[in-house]
Amino acid sequence: MMGMICVCVISCEKISVGEDSSLIDNVEKAKVKLRISMYTQTPLETVSRRVKVSVKDACTRISYAIFEGENKIKAVNQAIDDDGFGTLSFTLPLGTYQLVVVGHQGLGNATISSPQKITFANNKCTDTFYAYQEFSLTEDTEIDVLLKRAVALFRLVVEDEFPAIVTDMKFYYTGGSSTFDAVSGYGCVNSKQTEYRDVTEKMRQSGGMFDLYTFPHKEKDTLKMIVTALTSSDETYLERTFPTIPVEVNSVTQYAGTFFGSSTDEGDLDLHFEVDTTWVQYSKYHY
């Protein structure tokens with residue numbers, strides 16, 4: 001676990017006086033210090049090992065929320081440029097609380113409405129990590145918070161050259177979720193997710209790679225993905241459908257092949273596994 005310097009609150013949501021029990025002056029209180037750490041887990045033959053990762057290497061934003069029953073009594077957001085990113089200190093009355101921490105790479109702060117409902121700016125899902133735990137505060141306390149990955153990753157590798165007329169790639173996918181439940185560790189709504197990716201000049205020469213994230217509804221789930229190559233006038237140049245993509249929490253599913261040229265029948269996909277140094281499982285398909 002990495003130690004970090006305590007910091008003051010960087011940015012806070014407004015919580016009404018009636019909801020914030022820390023504003024009551026006539027009760028006994030204690031200090032809480034949170035320290036964020038995280039790991040990735042990689043299979044090595046038959047033995048899994050944990051690899052420590054700095055939170056700054058994986059997240060650009062962290063959101064914290066403290067609940068007492070159904071009441072949210074404290075909410076704090078940190079950005080990677082804030083001093084002391086990944087640590088937090090505050091004071092609460094003695095009692096039992098629920099802690100939710102969400103780290104991600106999105107452009108806006110996560111909104112933690114409840115431990116079971118966490119949403120993100122513009123409903124965009126990025127690489128996301130979380131922790132949920134209950135703690136009893138009886139004295140000054142330091143809590144080591146271990147973040148783990150919440151998402152599955154679909155990766156499309158286009159191995160052939162992009163036609164000059166293609167300027168963007170559109171990804172429309174269903175089966176996953178853009179809203180997260182930190183108690184269950186899974187997605188909690190049926191989302192229709194859409195992402196656009198620019199086609200760069202480098203891709204026109206050597207192909208490209210595109211990553212899409214989602215919160216599966218269970219440990220192993222499936223997505224339906226429609227990938228559309230678009231022209232500068234937003235017209236469809238070519239569209240491909242991947243009807244049943246297997247995805248898994250903390251795992252990468254990769255489809256690689258010639259997107260613009262001929263391809264094999266989807267029923268003849270070649271499945272094998274290989275180790276990835278960041279994600280727990282790496283599934284590779286050819287289309």
Side-chain angles (χ1 to χ4, degrees), residues 57-61 79-80 104-110 119-128 149-179 187 189-216 221-247 251-270 276 278-279 282-287:
D57 292 334
C59 304
T60 58
R61 294 179 181 274
I80 193 169
H104 63 101
Q105 297 180 357
L107 296 178
N109 295 320
T119 56
F120 300 84
N122 300 317
N123 290 321
K124 298 298 182 183
C125 185
T126 63
D127 202 3
T128 304
R149 183 174 271 115
V151 293
L153 171 66
F154 169 76
R155 173 172 290 160
L156 177 69
V157 179
V158 177
E159 296 179 342
D160 48 348
E161 295 181 6
F162 285 77
I165 196 173
V166 175
T167 58
D168 299 274
M169 298 290 284
K170 175 184 176 183
F171 298 84
Y172 172 79
Y173 50 115
T174 58
S177 174
S178 59
T179 302
V189 300
N190 294 318
S191 297
K192 298 178 180 179
Q193 297 173 260
T194 303
E195 295 285 345
Y196 291 87
R197 298 289 187 270
D198 295 334
V199 174
T200 66
E201 289 304 315
K202 184 178 180 180
M203 291 179 185
R204 300 190 191 285
Q205 303 299 322
S206 57
M209 183 176 73
F210 305 94
D211 288 348
L212 292 307
Y213 298 90
T214 195
F215 298 111
D221 210 345
T222 58
L223 303 179
K224 178 180 179 181
M225 178 82 64
I226 300 174
V227 184
T228 308
L230 299 173
T231 68
S232 58
S233 57
D234 207 30
E235 295 179 346
T236 297
Y237 175 84
L238 179 65
E239 187 170 276
R240 288 193 181 275
T241 299
F242 302 86
T244 309
I245 299 173
V247 292
S251 297
V252 180
T253 300
Q254 174 176 299
Y255 277 68
T258 54
F259 185 88
F260 296 97
S262 61
S263 63
T264 61
D265 188 340
E266 182 122 19
D268 296 326
L269 294 173
D270 177 29
D276 178 87
T278 304
W279 295 65
Y282 189 76
S283 306
K284 188 175 181 181
Y285 298 80
H286 287 276
Y287 60 88

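- Aromatic rings of F154 and Y173 (six-membered ring for Trp) have centroids beyond the 6.0 Å cut-off, not under it.
- Taking the six-membered ring for Trp and thresholds of 30 and 60 degrees, H104 and F120 have ring planes more than 60 degrees apart, a perpendicular arrangement.
- Of the possible donor and acceptor atoms, none in the side chain of T194 sits under 3.5 Å from a partner among the backbone N and O of Y172.
- Atom OG1 of T128 is separated from atom CZ of F215 by 4.0 Å, given to the nearest 0.5 angstrom.
- V199 places none of its side-chain heavy atoms less than 4.5 Å from the side chain of D168.
- Looking only at side-chain heavy atoms (C-beta outward), V151 and D127 come within less than 4.5 Å of each other.
- When all heavy atoms of C125 and Q193 are compared, the pair lying nearest together is CB-NE2, 3.9 Å.
- By the 30° and 60° cut-offs, the orientation of the rings of Y255 relative to F242 is perpendicular.
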Show me, pair by pair, the donor-acceptor contacts under 3.5 angstrom made by side chains of residues 221-230, not counting sequence neighbours?
| from | atom 1 | to | atom 2 | distance (Å) |
| --- | --- | --- | --- | --- |
| D221 | OD2 | H217 | N | 2.9 |
| D221 | OD2 | H217 | ND1 | 3.4 |
| T228 | OG1 | E239 | OE1 | 2.8 |

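- T253 contributes a side-chain N or O that, together with a main-chain N or O of P246, makes up a donor-acceptor pair within less than 3.5 Å.
- Closest heavy-atom contact between L107 and R61: O-NH2, 2.8 Å.
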Step-by-step side chain to side chain contact (heavy atoms under 4.5 Å, CB included) determination, E195 to F210: CA-CA 10 Å; E195 295 285 345; F210 305 94; over 6 Å; no
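- Proximity of a side-chain donor or acceptor of S177 to a complementary backbone N or O of T179 within less than 3.5 Å is detected.
- Using a distance-only test at 3.5 Å, with no hydrogens or angles considered, a donor-acceptor pair links the side chain of Q105 to the main chain of A58.
- Annotation for A121 and G108: closest pair CB-CA, 3.9 Å, computed over non-hydrogen atoms.
- Listed by chain and number, the residues in a ring-ring contact (aromatic ring centres under 6.0 Å, His included) with Y237 amount to none (sequence neighbours excluded).
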Does V157 form a side chain to side chain contact (heavy atoms under 4.5 Å, CB included) with Q254? I'd like the steps, not just the answer. CA-CA 7 Å; V157 179; Q254 174 176 299; 3.6 Å; yes
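- When atom types are taken as modelled, the side chain of S178 and the backbone of S191 share no donor-acceptor pair closer than 3.5 angstrom.
- Annotation: the span from S206 atom OG to E159 atom CD amounts to 11.5 Å, rounded to 0.5 Å.
- Heavy-atom contacts from other residues, nucleotides or ligands closer than 6.0 Å to CD1 of I165 number 12 or fewer.
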Step by step, work out the side chain to side chain contact (heavy atoms under 4.5 Å, CB included) result for R197 and L212. CA-CA 10 Å; R197 298 289 187 270; L212 292 307; 3.7 Å; yes
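- With hydrogens and angles ignored, the 3.5 Å screen pairs no side-chain donor or acceptor of R155 with any backbone N or O of V252.
- Within a 6.0 Å sphere centred on CD1 of I80, other residues, nucleotides and ligands contribute more than 12 heavy atoms.
- A donor-acceptor pair under 3.5 Å is formed between the side chain of R204 and the backbone N or O of P163.
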